[in-house]
J.: 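Quick one: the structure is below, and I'll ask about it shortly.
Computed from a prediction, not measured in an experiment: that's the story for all the values here.
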Protein chains: 2
Amino acid sequence: MLEKPIRDRKAERHAATRAEILDAAWEVVRSEGLAALSLRDLAGKVGMQAPSLYSYFDSKHAIYDAMFAQGARAYLEQVRATPLTGDPLTDLRAAVRCFVRFCSEDPARYQLMFQRTIPGFEPSPETFAIAIEGLELLERRLAELGVTDARSIDLFTALGTGIAAQQISNDPGGDRWTRLVDDAVDMFFEHVTKHLPLTRRDPT
Amino acid sequence: MLEKPIRDRKAERHAATRAEILDAAWEVVRSEGLAALSLRDLAGKVGMQAPSLYSYFDSKHAIYDAMFAQGARAYLEQVRATPLTGDPLTDLRAAVRCFVRFCSEDPARYQLMFQRTIPGFEPSPETFAIAIEGLELLERRLAELGVTDARSIDLFTALGTGIAAQQISNDPGGDRWTRLVDDAVDMFFEHVTKHLPLTRRDPT
DNA sequence: GCTCAATACGAACGGTGTTAGAGAAACCGA
DNA sequence: TCGGTTTCTCTAACACCGTTCGTATTGAGC
C-alpha cells in the first residue's frame, strides 16, 4: 500500500482533530443542553486550551455550523434510506415518521437545526444548502405522490414540526407520539385525497 | 379620598418599578432577541446600575419568570375574550386562530413560553399554574364540543404549535398562514367528526 | 541546517450574571 | 423632632464567557 503524500496526512490529522472536537461537542450538547457548550470545557474534553480550538474553527458559531451540517447530512441520509413502497399512504407515513424520529431522537440537534435559538447564529450558505437538499427531496417525494400545491405542503410540514415539537417537550424518547403520526398522516391523507387523486406508483 | 397607608404606597412604588423593568425587558427582547437581554443594558434603560435590579428580582431567571407569567396571563385573557358561537367548526377555528395569533404576534414571547431555550430556566410552579389554566380552559372548550380523547387533543395542539412555529420562522407578521389555520381546522374537524359527533350548543 | 507554516500556550480584553459591603434615603415609633 | 430600622442604590469585585495577541514549540520542505 502506497504511503500518502505528507501534505494529505497533515490535512488528515487536521480533519481528525476537527471530528474529535465535534464529537465532544455533541456529547456536551446532548447532556448539558445546546447553549451550555463552553469553549473552555470543550477544549478540556479534547485535551487542549480554549484558544487552540481556533486552529480548527474560526469561532464558536463555526462549531455550531459544522454540527448543523452534520445534522443536515444525517437527515438526508435517513430520508434516502427510507424505502419507497409505491403506496401513497405508506410513503406519506414513512416520510413524516422519518422526520419526527430524526427530530425527537436528539432534542439538542433539533434545537440547533430547527429552533435556531442561539443568538446571532445562522448556518452558512454551504451548510444551509445541505438542509435545503433534504427538504427538496421530501418535496420531490410528495410531488411524486401528487401533492404539489403549497398549502398542502405547508400543512404537511406544520403537522410534522408540530408533532416533533410536542414529542420532544412532552415525551422525549417515548412512543406515545408515534401512533399520533399515524393519525396525523391518515388525517392529512384524507384531506388531500379530497382535492387531489394521489398517484400510485409501482414499487421500486 | 382617603390617603393610603404608607406601607401600601411603598409596595405600590415597588410594583411600579418592577413593571417598568419588565416593560423595558420586553422592549429589548422584542428588538434584540430573547437571549440578548443583559442586566447591565436593562438597568441602563431604567436608569439604574445592574446590581440595583436585585432589589426587584432575585435573578435574571426571575425576570424571565415574571415575563412568562405576563405572557401566560395575556393568553388566558385572549382565550376568555374569544366569544363562543355554539357552532363547533367556528369555535374550533377561533381557538386555533387565537393560539396561533398569540404565538406569532410576539416571537420572543413564543420562544420564552414554548421553546424554552434559556439554559437552566424553568418557570416557577406559580407561573406555570397560570399557563396550565389557559391550557385547561382550551381543553374544557374542546370537551364542550365533544372532543375528549387524548389523541385528538394531541393532534389539535400539534397542529396549532406546528402552524405557529412555521409562521414565526417563515413569515413573521404575514397573513399567509391564517388561511392555513382554516385548512388545518377543516381537516381536523373532518377527522374528528368521523369518530365523534360534535355537540352543537346554543350560542351564549 | 535553515525556513516557514501550523499548532499550542499563557495572558489579557471586554463582556456576562452575581455578591459583598458601604452609603444614602425613606419610613417607623417615640 | 429625634433615633432606629428598613429599603434602596452604588462601587468594587468575583468567576465565568468568547475571543485576540504574542510567543514558544513543533515538524515538514528545500
J.: Are A:Phe156 and A:Val147 close enough that some pair of their side-chain heavy atoms sits under 4.5 Å apart?
T.: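 No, their side chains stay 4.5 Å or more apart.
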
J.: Between A:Ile163 and B:Thr161, is any pair of side-chain heavy atoms under 4.5 Å apart?
T.: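 No, side chains not in contact.
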
J.: Rounded off to whole Å, could you give me the CZ-to-P distance for the A:Arg13 and C:dA5 pair?
T.: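 My rounded result for the distance is 18 Å.
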
J.: Of the nucleotides C:dA26, C:dT7, C:dA8, which one has an atom closest to the side chain of A:His14?
T.: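 The closest nucleotide is C:dT7.
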
J.: Taking the side chain as everything from C-beta on, heavy atoms only, tell me whether B:Asp91 gets closer than 4.5 Å to B:Glu144.
T.: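 The answer is no; the side chains never approach within 4.5 Å.
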
J.: I'd like a table of donor-acceptor pairs (distance under 3.5 Å, sequence neighbours excluded) in which one partner is a side-chain atom from residues 38-53 of chain B, with atom names and distances.
T.:
from, atom 1, to, atom 2, distance (Å)
B:Ser38, OG, B:Arg40, N, 3.3
B:Ser38, OG, B:Asp41, N, 3.1

J.: Both A:Ser55 and A:Gln49 contact DNA chain C. Taking the nearest nucleotide for each, which residue is further toward the 5' end?
T.: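 The 5'-side residue here is A:Ser55.
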
J.: With heavy-atom distances below 4.5 Å as the criterion, would you say the side chains of A:Ser152 and A:Phe188 are in contact?
T.: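 With C-beta onward as the side chain, the pair touches.
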
J.: Determine all donor-acceptor pairs shorter than 3.5 Å in which one atom belongs to a side chain in residues 95-106 of chain B; sequence neighbours excluded.
T.:
from, atom 1, to, atom 2, distance (Å)
B:Arg97, NH2, B:Asp182, OD1, 3.2
B:Ser104, OG, B:Val100, O, 2.8
B:Ser104, OG, B:Gln167, NE2, 3.4
B:Glu105, OE2, B:Gln78, NE2, 3.1
B:Glu105, OE2, B:Arg109, NH2, 2.9
B:Asp106, OD1, B:Ala108, N, 3.3
B:Asp106, OD1, B:Arg109, N, 3.3
B:Asp106, OD2, B:Arg30, NH1, 2.4

J.: Ignoring hydrogens, what is the shortest heavy-atom contact between B:Tyr56 and B:Arg18? Give both atom names and the distance.
T.: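 That closest heavy-atom pairing would be O-NH1, 2.9 Å.
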
J.: Regarding B:Gln111 and B:Thr117, do their side chains bring together a donor and an acceptor under 3.5 Å, going by distance alone?
T.: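 Yes, B:Thr117 and B:Gln111 have a side-chain donor paired with an acceptor closer than 3.5 Å.
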
J.: Looking at A:Tyr56, does any N or O in its side chain come under 4.0 Å of the phosphate oxygens OP1/OP2 on C:dA6?
T.: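 Checking A:Tyr56 against C:dA6: no side-chain N or O falls below 4.0 Å of OP1 or OP2.
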
J.: Would you mind building the protein contact string for nucleotides 14-24 of chain C? One character per nucleotide, 5' to 3', B for base within reach (heavy atoms under 4.0 Å), S for sugar-phosphate only, - for untouched.
T.: --BBBB-----

J.: Got a sec, which residues hit salt bridge (charged side-chain N to carboxylate O under 4.0 Å, His left out) with B:Glu32, two or more places apart in sequence or on another chain?
T.: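 None.
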
J.: Separation of A:Leu53 atom CG from D:dC17 atom P, in whole Å?
T.: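 After rounding, the reported distance stands at 13 Å.
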
J.: Bend angle of the helix from C:dG1-D:dC30 to C:dA30-D:dT1 from five-pair axes at both ends, rounded to 10°?
T.: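 It comes to 0° between the two terminal axes.
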
J.: For the residue pair B:Arg141 and B:Val79, establish whether any side-chain heavy-atom pair is separated by less than 4.5 Å.
T.: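 A side-chain contact under 4.5 Å exists here.
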
J.: Does B:Arg140 reach the side chain of B:Leu137, with side-chain heavy atoms less than 4.5 Å apart?
T.: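 Side-chain contact under 4.5 Å: yes.
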
J.: Check DNA chain D against residues 17-26 of chain B and give the residues with a non-hydrogen atom under 4.0 Å, in numerical order.
T.: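 Residues of residues 17-26 of chain B under 4.0 Å from DNA chain D: none.
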
J.: May I ask you to evaluate whether A:Ser52 reaches the phosphate of C:dC9, defined as a side-chain N or O under 4.0 Å from OP1 or OP2?
T.: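 Indeed, a polar side-chain atom of A:Ser52 lies that close.
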
